Amino acid sequence: MDSATSEAPARTPLADAAETGLKIVIVGGFGVGKTTLVRSVSEIRPLNTEEVMTQAGAGVDDTAGLRNKNTTTVAFDFGRISLNEQTVLYLFGAPGQERFWFLWDRLFSGTLGAVVLVDTRRMADSWYAIDRLEHHRTPFVVAVNRFDDDASRFSLDEIRQALDLPEDVPLVDCDARLRESGKNVLITLVDHLYQQALAREMTA
Amino acid sequence: MIRKPVDIGDPHRLYTVTGGRSRGEEAGLDLVTLIVSECRPTEGMQSEHVRILELCAHPTAVVEIAADLRLPITVVKILLGDLLAAGRITARNPRPSAAHGDAPESALLKEVLIGLRNL
Ligand SMILES: Nc1nc2c(ncn2[C@@H]2O[C@H](COP(=O)(O)OP(=O)(O)O)[C@@H](O)[C@H]2O)c(=O)[nH]1
Ligand SMILES: [Mg+2]
């Protein structure tokens, strides 16, 4: 029959006590290193999936709508990290292009926060993502994926200026290929979220 | 290796898989909602339902099911809606962090931070 039924997933299942799934989204232009970062920290090989949307961008209202040609798909990949027996963190690599943002709420509402991955040779790619995250009120940090052939070597201060990034948004260097470096980016994000939550709870 | 994006070139296939139903039946499922089977597949069941019940013998996120079935998220949610309605699967924590009840958000984030530091 259908190939999907005969193909066993070659990955470790989650613990039977797993009950809570959490999300972090890594946003950035094509080739900036999103999949590489996901792969370096994930306990599974990154998987690929997609969502269908109508031309209007609202997602498919009726599967009958798939019969007309006004549908398009957005693909994204993801990995996962079991944090403990109960809690699993899913990392999503999302391209920052325009049509993707129509689906942001549908896919990533309730996300803990986001990492904007920046390639200094194509800094403008990040402006739109930062603008959209601010618009969606999704907390984020910025990580600069340094490529070996990047001759510019802008300092973090210069990059902060170029991105017009507020002082309170953490900005770090990383090498998406290295597990420790990827881990550090995630810790930077979650620590930032934690400090924000503590501050909110203090004033509540 | 990462496989190629799902081919939805044949809309009739999706129409058949979902029985032509709309997305009203998604039952508030999130990408990371964990699904668990409550029964084994039975004779004559739709192949996608069989596959889901096999996969979810252990908790499996909606997005992992979609990746394994090579179907768009929307379509998978409709399939899961069927199984939920029939009591053949359960969804754990349909809303992110709901399992933590009234615990402050900082407690959840602390838990995540500890998990990451222990990697
Ligand atoms: N030199 C170098 N290459 C990298 C780095 N990160 C990613 N790459 C490479 O850049 C290419 C694009 O990375 P990928 O993760 O697929 O980008 P994506 O499109 O954002 O998912 C791949 O060939 C990676 O091996 C890095 O930090 N340094
Ligand atoms: Mg990629």
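Sequence lines set the chain letters: A, B, ... in the order given, protein chains first and strands last, and positions in each chain run from 1. If you're wondering where the values come from, they're calculated on a predicted model, not measured in any experiment.
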Can you check whether anything in residues 168-181 of chain A gets within less than 4.5 Å of chain B, heavy-atom wise, and list it by number? A:Arg179
Nearest heavy atoms of B:Arg92 and A:Ala18, plus distance in Å: NH1-O, 2.6 Å
Applying the side chain to side chain contact (heavy atoms under 4.5 Å, CB included) test to B:Leu116, which of A:Leu83, A:Asn184, A:Leu189 qualifies? A:Leu83
So, for A:Arg200 and B:Glu105, which heavy atoms are closest and what is the spacing to 0.1 Å? NH2-OE1, 2.8 Å
Closest contact, heavy atoms only, A:Leu47 versus B:Glu64: CD1-CG, 4.4 Å
Quick check for you: to the nearest 0.5 Å, what is the distance between B:Ile114 atom CD1 and A:Thr87 atom OG1? 11.0 Å
The reported gap from CG in A:Leu186 to CZ in B:Arg117 (rounded to nearest 0.5 angstrom) is 12.0 Å
So which atom in A:Thr49 and which in B:Val63 form the shortest heavy-atom distance, rounded to 0.1 Å? CG2-CG2, 3.7 Å
Using only non-hydrogen atoms and a strict under-4.5 angstrom cutoff, which residues of residues 190-199 of chain A touch chain B? A:Val190, A:Asp191, A:Leu193, A:Tyr194, A:Ala197, A:Leu198
In Å and rounded to the nearest 0.5 Å, what is the CG to CD distance from B:Leu71 to A:Glu51? 11.0 Å
For atom CZ of A:Phe147, decide whether the heavy atoms of other residues, nucleotides or ligands shown that lie under 6.0 angstrom number more than 12. yes
Crowding at NZ, A:Lys183 (>12 non-hydrogen neighbours, <6.0 Å): yes
Any heavy-atom pair between the side chains of A:Lys23 and B:Asp30 that's under 4.5 Å? yes
Segment of A:Leu112 engaging chain B (4.5 angstrom heavy-atom cut-off): side chain
Segment of A:Leu89 engaging chain B (4.5 angstrom heavy-atom cut-off): side chain
Side chain to side chain contact (heavy atoms under 4.5 Å, CB included) between B:Leu119 and A:Glu43, intermediate numbers included: CA-CA 10 Å; B:Leu119 282 185; A:Glu43 68 196 19; over 6 Å; no
Considering only heavy atoms from C-beta outward, does the side chain of B:Thr60 approach that of A:Leu14 to under 4.5 Å? no
Give a yes or no on whether A:Asp164 atom CG has more than 12 heavy-atom contacts from other residues, nucleotides or ligands under 6.0 Å away. no
Evaluate the side-chain proximity of B:Leu31 to A:Phe78: yes if any heavy-atom separation is below 4.5 Å, no if none is. no
Applying side chain to side chain contact (heavy atoms under 4.5 Å, CB included) between A:Leu22 and each of B:Leu108, B:Val32, B:Leu109, report the one that passes. B:Leu108
